[in-house]
Amino acid sequence: MEASETIVSKLKSYDQEHLLKFWGELSEQEQQQLTKQIESIDFDLMASLIQQRDESQGEAVSAGRIERAQSPAQLVRLSDSSESHEAAAKAEKRGHELLEQGKVGAILVAGGQGSRLGFDDPKGMFPIGPVSDRTLFQVMCEQLVARSRRHGKPIPYFIMTSEATHEPTVEFLKKNQYFGMGEENVFFFQQSSLPAVEHDSSRIHLAEKGRIATSPDGHGGMLRALEKHGLLQVMRDRGIEHLYYHQIDNPTAILCDPVMLGFHDQHESDLTTKVVEKVSPDEKMGVLVTIDGQTEIIEYSDLTPEQARMKDENGNDVFWAGNTAIHVFRRTFIERLLEDEFSLPFHIAHKKVPCIDSSGNPIDPDSPNAHKFEQFIFDALPKAEVALVVEGVRSREFNPVKNAEGNDSPETSRKALQEIARSWVEKAGGKVHPEATIEVSPLFALDEDELAARIDSGTEFQEDAVLAPK
Ligand code: UTP
């Protein structure tokens, strides 16, 4: 079969004819797949991204801007003062009301490639329970089920997948009956992919003779993907006004945290972000700052070690507020972000991408050979009229699984889950033997107060145990 004329002339006009170089060697099925891939590419967008790349002088933040940075302007910090406890209690009450009125939904971004972890399945299928091997997906869904039961209203879950994670994610959750969420409350939406481009030319990489090398368009791709799948209408129809946004890798995130929701609503915030204090100025974590009145995130790679230690006029660190990637969006703000003039910028990453050379031989590069283009959801921050920043307790709320080993790994995340469970048991007047590990299903207890109501004070755990409903 010949390649269609439309496709040939399209590729010619964008100087990408090499994508059909091996056409004659492909089976009919491979030809169809390649055609489908080519048809799905927005070549105008690619041409403008390549042009941007060629003209860009690097994305570094100018030194002047960094010097003008201040600790976030609209901020709720943790404190032991009675005023602070009172404010948190009021916020929590407001959060409960929003949940009871059914105005809250949750968005999970689970389209990433998880390359640092090196796990073959989607990251959500990774076993994280310290005793039971409960997966990340199960921990998240059980939290939402428990929270919606507590407040008497379902919480719709909008789960973003990508080309690579879509099918296995849908299949896994379906097979497990959505862990009790109810099929009518789970909405999958697949984000778009973008081709990788050769780093020293404008040519799109072929991964194989009949397949273009593509990768997901970043978590910022969520906005277009929500719209494309008609989910903003679903949110409107269901009366959802606030969206708790989180990533798949942090099992200790407090999903739909009523305190965060309450502060968000009380401050009339468009976009609220949970931060935690960085352990040290050189920790590799994006930081929330306010520059010239706008809240934004500075990536750690944009700060020199000296800049990272910058102090304000009171001698306090400027760059302390580490981004947990937990946000609450006002639905109307998401709608505003979808208007053209608010669209998010693309970032360019220099990556190693397995591909074929011009003779069709496979290449597994040992240094970066490609540019990938991604949008980041946190670029929405400066576009918010009110962007609130709320500090959380790091050991309780931020324990992500990013790397296979070392910091932010399955080991550190499981340890955190274990320590949280131990502290809840001890607060309830119980004891856990030093050698024993306790795991708490969110369906058994969502927080320490609930656990205290469920176990007798004086309960002792001598051996590993999973606390789950019978
Ligand atoms: P990360 O930045 O940790 O990227 O994503 P990643 O792809 O999961 O992992 P590495 O960098 O390859 O090791 C943070 C969150 O954003 C989601 C991820 O699934 C994760 O929940 N994400 C990332 C998407 O949903 N889509 C993307 O295109 C990128």
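Counting starts at 1 for both ligands and their atoms, in listed order. FYI, the numbering just counts along the sequence from 1.
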Aromatic plane relationship, Phe188 with Tyr178 - under 30° parallel, 30 to 60° tilted, over 60° perpendicular: tilted
Whether Tyr244 and His246 hold their rings parallel, tilted or perpendicular, with breakpoints at 30° and 60°: tilted
Main-chain N/O of Phe172 paired with Asn176 side-chain donor or acceptor, under 3.5 Å: yes
Any donor-acceptor N/O pair, Asn399 side chain to Pro251 backbone, under 3.5 Å: no
So is [X] polar-close to ligand 1, meaning N/O to N/O under 3.5 Å?
{"X": "Leu117", "answer": "no"}
{"X": "Lys123", "answer": "no"}
{"X": "Gln113", "answer": "yes"}

For [atom], which protein heavy atom lies nearest, and how many Å away is it?
{"atom": "atom 25 (O) of ligand 1", "answer": "Gly111 N, 2.8 Å"}
{"atom": "atom 20 (C) of ligand 1", "answer": "Val109 O, 3.8 Å"}
{"atom": "atom 6 (P) of ligand 1", "answer": "Gly114 N, 3.6 Å"}
{"atom": "atom 5 (O) of ligand 1", "answer": "Lys402 NZ, 4.3 Å"}
{"atom": "atom 26 (N) of ligand 1", "answer": "Gln191 OE1, 2.7 Å"}
{"atom": "atom 4 (O) of ligand 1", "answer": "Arg116 NH2, 4.1 Å"}
{"atom": "atom 16 (O) of ligand 1", "answer": "His219 CD2, 3.5 Å"}

Worked check of side-chain contact (heavy atoms from CB on, under 4.5 Å) between Phe158 and Met222: CA-CA 10 Å; Phe158 302 93; Met222 170 193 106; over 6 Å; no
Stepwise side chain to side chain donor-acceptor pair (under 3.5 Å) check, Asp217 with Gln191: CA-CA 7 Å; Asp217 58 357; Gln191 68 179 119; 2.8 Å; yes
Give every donor-acceptor pair under 3.5 Å between a side-chain atom in residues 401-410 and any protein atom, sequence neighbours left out.
from: Lys402; atom 1: NZ; to: Gln247; atom 2: OE1; distance (Å): 3.4
from: Lys402; atom 1: NZ; to: Asp249; atom 2: OD2; distance (Å): 2.8
from: Asn403; atom 1: ND2; to: Asn407; atom 2: O; distance (Å): 2.9
from: Ser409; atom 1: OG; to: Gly406; atom 2: O; distance (Å): 2.7
from: Ser409; atom 1: OG; to: Glu411; atom 2: N; distance (Å): 3.4

Cys256 and Leu144: CA distance, side-chain angles, deciding distance, side-chain contact (heavy atoms from CB on, under 4.5 Å) verdict: CA-CA 8 Å; Cys256 299; Leu144 283 187; 3.8 Å; yes
Location of contacts on Met222 toward ligand 1, heavy atoms closer than 4.0 Å: neither
Option set Gly218, Ser193, Ser115, Gly112, criterion heavy-atom distance to atom 10 (P) of ligand 1, minimum: Ser115
Ligand-side contact atoms (ligand 1) for residue partner Pro216, heavy atom cut-off under 4.0 Å: 28 (O)
For Tyr14, ring pair (Phe, Tyr, Trp, His ring centres under 6.0 Å) partners two or more places apart: Phe43
